[in-house]
Protein chains: 4
Amino acid sequence: MPPSAAATPPARRRTRARGRESRQKILEAAARVAGERGYDGATIARVSKESGLPASSIYWHFADKDALLAAVVEASFELWLGRVSLAIGATAAEKVRALSESVARAFRESPDFLRLGLMLALERRSDELEARRLYLRLRHEALDRFVGELLDERSMMSVADARRLVTYALAGGEGILLAAAAGDDDVDELFALHATAVLHLADVLESGAAR
Amino acid sequence: MPPSAAATPPARRRTRARGRESRQKILEAAARVAGERGYDGATIARVSKESGLPASSIYWHFADKDALLAAVVEASFELWLGRVSLAIGATAAEKVRALSESVARAFRESPDFLRLGLMLALERRSDELEARRLYLRLRHEALDRFVGELLDERSMMSVADARRLVTYALAGGEGILLAAAAGDDDVDELFALHATAVLHLADVLESGAAR
Amino acid sequence: MPPSAAATPPARRRTRARGRESRQKILEAAARVAGERGYDGATIARVSKESGLPASSIYWHFADKDALLAAVVEASFELWLGRVSLAIGATAAEKVRALSESVARAFRESPDFLRLGLMLALERRSDELEARRLYLRLRHEALDRFVGELLDERSMMSVADARRLVTYALAGGEGILLAAAAGDDDVDELFALHATAVLHLADVLESGAAR
Amino acid sequence: MPPSAAATPPARRRTRARGRESRQKILEAAARVAGERGYDGATIARVSKESGLPASSIYWHFADKDALLAAVVEASFELWLGRVSLAIGATAAEKVRALSESVARAFRESPDFLRLGLMLALERRSDELEARRLYLRLRHEALDRFVGELLDERSMMSVADARRLVTYALAGGEGILLAAAAGDDDVDELFALHATAVLHLADVLESGAAR
DNA sequence: AATGAATGAGGATTCATTCAT
DNA sequence: AATGAATGAATCCTCATTCAT
């Protein structure tokens, strides 16, 4: 049924500006909804209600639902990456510790976006989703960047090992996020354990005795 | 209304038996579909086509979609738990190693069911899903059982620490499953790293220096 | 879904007796349900749940839904008519008064059945309902009987006038039932007014000045 | 997404206007169908076919079936009330007679809408219907208005008596409508009797001898 | 005398999307 | 830069009914 005109029609401003604003509102609403109910659950109607804009307006800003969610993924990922401070430190141990910590922080700060990402990763449908493809690509790129940061100097770890380590560090973080979603609430302790584990693995890998 | 005479009295139990069979077919079809496309993607129409039974027949066996998926979760979980062989071993280290290994095996063998579980865990909708609730409860119970197995003798680990360790072991496994879904394909290596990490954490926790 | 076997399977008794019993239970359940929600709302599933018998058992006792509701109408009408004591009295006035009173009583005592009747009367579907036809026929017959009772002696009223009077008496009662359903709760007062009105009309009609 | 240039600026307000039109068409179709087959019988599919608009369009204009039928009730009631000309007259008798007549006329002219109303009034389901609630409320308001018209000058009747009288007048009309639906076809004569009866009751009530 | 199981048709409602303005 | 209105396909689920046992 017609959405019965919620807010007051705001004084006609710069149309361009309004445009950006609306787009932003839609993106935020979509991020919220998709973070809560996944790709399928993020219906256009729900995004419309949440953003206050009619469904047809969403289609003015985005080609279709897939494009909208891809845009959400892109924007959110950017924000998230920004939050993951670079792993700085003189020794490898320091760098690994810094990496662990920043991952933990980033996970604790953007649970909504990450939940969406994980849901997208789990999807297995035949019609490939652009949003999913993009998430996986960005995740991959982030992983590469972390590897680079870990290695840039004379490290005793091989590239392959560094990649393994970073992959494990990330996967562990995601697993903890999942455990949190499943109700295991001592997330902080889990992250602490994870840090210990990753440090140990770094040690092992560096000393060459790797797996 | 009443027929004039009695019918032929032959071969009893046909419909009864067929009922069980159909129920099973539906359950299997639903498990397959839901493992692939999640709760929302597991439409009744899809399950109907996959199982060969009309949609209305599905409703004879299950109250609604939620009850169907809850039944899937229950049956699959049972199967899965059966696959996780008990963690036997004399020393704590042996038991931890056995635990790691069986978790790894179980994860590699039932990826479909676990994917469904992870998707359910990530859902965050207002209308609570019975299927989700059940999955979380069963996961919790399994965790408890693992803790019990780890502790039953004179262990130097506190109950709390054992729970932490098991939770981390499980979360890590789930994270690796996720990483696999995200395209990191060296799953075996990740599980190897995970085993090393869990063993190390067990050591740390046992020596009392627990965080 | 399968109704999960509610009551204990009662000790196998005379099958014939059980048959009548079941039929009765179904009839009562159907009367209740149909009195509450009308013909369309009286679904076989609802009657099944209310009676405790499976839907297929209902079809063993009744050819189809229409036949079931027709049986309900027949049985209920009989009961109802039994409650309307004959209009006895020496003078016409006394008889009219007796008629009014017994109608009022009967209406107050069988509201469920009467509601069903009124709903059936209001139906206007192309596929004629047997239940509806039967109700209308029985109502007509009851009306005739009342007319007969009013007239059997040397009355000054013409047959046509008596029929008019009885029709009005009945319609008024039905209207009051409706008003009650609509929330006008002083039903007793309305029946009192109605009695006064009918008596007056009897007077008018008898004195020949009838319209 | 944004087209490169502006479109031609001609003839505004077409879709807007069509919207009202469609809504009206749906409302009319629904009134027709519901008047014929009641609430349950008024399926969305039927209304869709009758109105010429697809089912999904009906849901653009109305939240759900209940809201649609409530809108039907509201619109029809308004029309109906408009038809019941005010009860004017110098003496009470004249006013009562005018009331009777206008009620009779209104009943004869809007049988479809009234049948729907009566069916709604008779419903007794657990999930309360908004359409039913609205009908009852409007009927109540109309009753109040009639009472007001009957009383506004120095009348010898108490408010309570006036209310009784009006309630009886209305209930009688409804009963006659029902009798008509049940096949008693001398509706005009019944209304004549009813007028006589109501007039007499007014007399009785005014002379203070009220029951 | 019953009943588990099945089924096609139809129930209300929501979906993503389009189009004229 | 938007948005009211529309729409066909799909959603979940219920319907009356049948049939083998």
Side-chain angles (χ1 to χ4, degrees), chain A residues 2-3 12 14-23 40 43-46 53-61 63-66, chain B residues 1-3 6-23 40 43-45 53-61 63-66, chain C residues 2-3 12 14-23 40 43-46 48 53-61 63-66, chain D residues 1-3 6-23 40 43-46 53-61 63-66:
Chain A
R12 193 172 296 239
R14 277 282 75 78
T15 344
R16 275 303 151 84
R18 305 276 291 114
R20 281 218 182 292
E21 224 178 89
S22 295
R23 202 189 127 96
D40 284 325
T43 66
I44 296 292
R46 214 115 60 181
L53 273 71
S56 47
S57 292
I58 297 179
Y59 280 89
W60 196 88
H61 289 283
D64 55 21
K65 177 176 163 170
D66 201 18
Chain B
M1 53 276 65
T8 40
R12 279 282 144 82
R13 297 287 98 159
R14 192 50 55 81
T15 45
R16 218 84 135 191
R18 266 181 187 283
R20 280 208 193 300
E21 224 177 88
S22 296
R23 202 191 127 96
D40 284 323
T43 65
I44 295 292
L53 277 87
S56 48
S57 291
I58 297 179
Y59 282 92
W60 200 89
H61 291 282
D64 54 22
K65 179 175 161 172
D66 198 20
Chain C
R12 193 172 295 241
R14 279 281 77 78
T15 343
R16 275 304 153 78
R18 304 277 290 114
R20 279 217 182 294
E21 225 178 87
S22 294
R23 201 189 128 96
D40 285 323
T43 67
I44 297 292
R46 215 114 60 180
S48 158
L53 273 71
S56 47
S57 292
I58 297 177
Y59 280 88
W60 196 89
H61 289 283
D64 56 20
K65 178 176 163 170
D66 201 18
Chain D
M1 64 254 89
T8 39
R12 280 282 145 82
R13 296 290 99 159
R14 192 51 56 80
T15 45
R16 217 86 136 188
R18 265 181 187 281
R20 281 210 190 298
E21 224 177 88
S22 296
R23 201 189 128 97
D40 284 321
T43 67
I44 295 292
R46 217 114 59 179
L53 276 85
S56 48
S57 290
I58 297 180
Y59 282 89
W60 164 250
H61 292 281
D64 54 22
K65 179 175 161 170
D66 198 18

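Reminder, nothing fancy here: chain letters follow the sequence lines and each chain counts from 1. Since this is a predicted model, take the numbers as computed values, not measurements.
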Please check the phosphate of E/dA2 (OP1 and OP2 only) for any side-chain N or O of C/His61 closer than 4.0 Å.
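For C/His61, the contact criterion (side-chain N or O under 4.0 Å from OP1 or OP2 of E/dA2) is met.
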With a cut-off of less than 4.0 Å, is there a side-chain N or O of C/Ser57 near OP1 or OP2 of E/dT3?
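Indeed, a polar side-chain atom of C/Ser57 lies that close.
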Enter the distance from [X]:[atom1] to [Y]:[atom2] here, rounded to the nearest 0.5 Å.
| X | Y | atom1 | atom2 | result |
| --- | --- | --- | --- | --- |
| A/Lys65 | A/Thr43 | NZ | OG1 | 6.5 Å |
| B/Arg23 | B/Trp60 | CZ | CH2 | 10.5 Å |
| C/Ser56 | C/Ile44 | OG | CD1 | 11.0 Å |

If I take atom [atom1] in residue [X] and atom [atom2] in nucleotide [N], what distance separates them, rounded to the nearest angstrom?
| X | N | atom1 | atom2 | result |
| --- | --- | --- | --- | --- |
| D/Glu21 | E/dT21 | CD | P | 13 Å |
| B/Ile44 | E/dG11 | CD1 | C1' | 16 Å |
| D/Arg20 | F/dA5 | CZ | P | 8 Å |
| D/Lys65 | F/dC13 | NZ | C1' | 15 Å |
| B/Asp66 | F/dC13 | CG | C1' | 14 Å |
| A/Leu53 | F/dT3 | CG | C1' | 10 Å |
| B/Tyr59 | E/dT7 | OH | C1' | 15 Å |
| D/Asp64 | F/dT11 | CG | P | 22 Å |

Any-strand Watson-Crick or G-U partner of F/dC19, both distances under 3.5 Å
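WC or wobble partner is E/dG4.
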For E/dA9, the Watson-Crick or wobble partner whose two distances fall under 3.5 Å:
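Across all strands, the one nucleotide that pairs with E/dA9 is F/dT14.
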Minimum heavy-atom separation for B/His61 and B/Ser22, please, with both atom names.
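Smallest heavy-atom distance, with atoms named: NE2-CB, 3.8 Å.
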Reckon A/Thr43 touches a base, only the sugar-phosphate, or nothing at all at heavy-atom distances under 4.0 Å?
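It contacts sugar-phosphate atoms only.
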Kindly point out which of E/dT17, F/dT11, E/dA5 is positioned nearest to the side chain of B/Ser22?
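So the side chain of B/Ser22 is nearest to E/dA5.
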Can you tell which of F/dA1, F/dA5, E/dA2 lies closest to the side chain of C/Trp60?
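That would be E/dA2.
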5'-most contact on DNA chain F: C/Arg46 or A/Ala55, nearest heavy atom basis?
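Between the two, 5'-proximity favours A/Ala55.
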Do A/Ser56 and F/dG4 have a side chain to base donor-acceptor pair shorter than 3.5 Å?
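Side chain to base: pair present.
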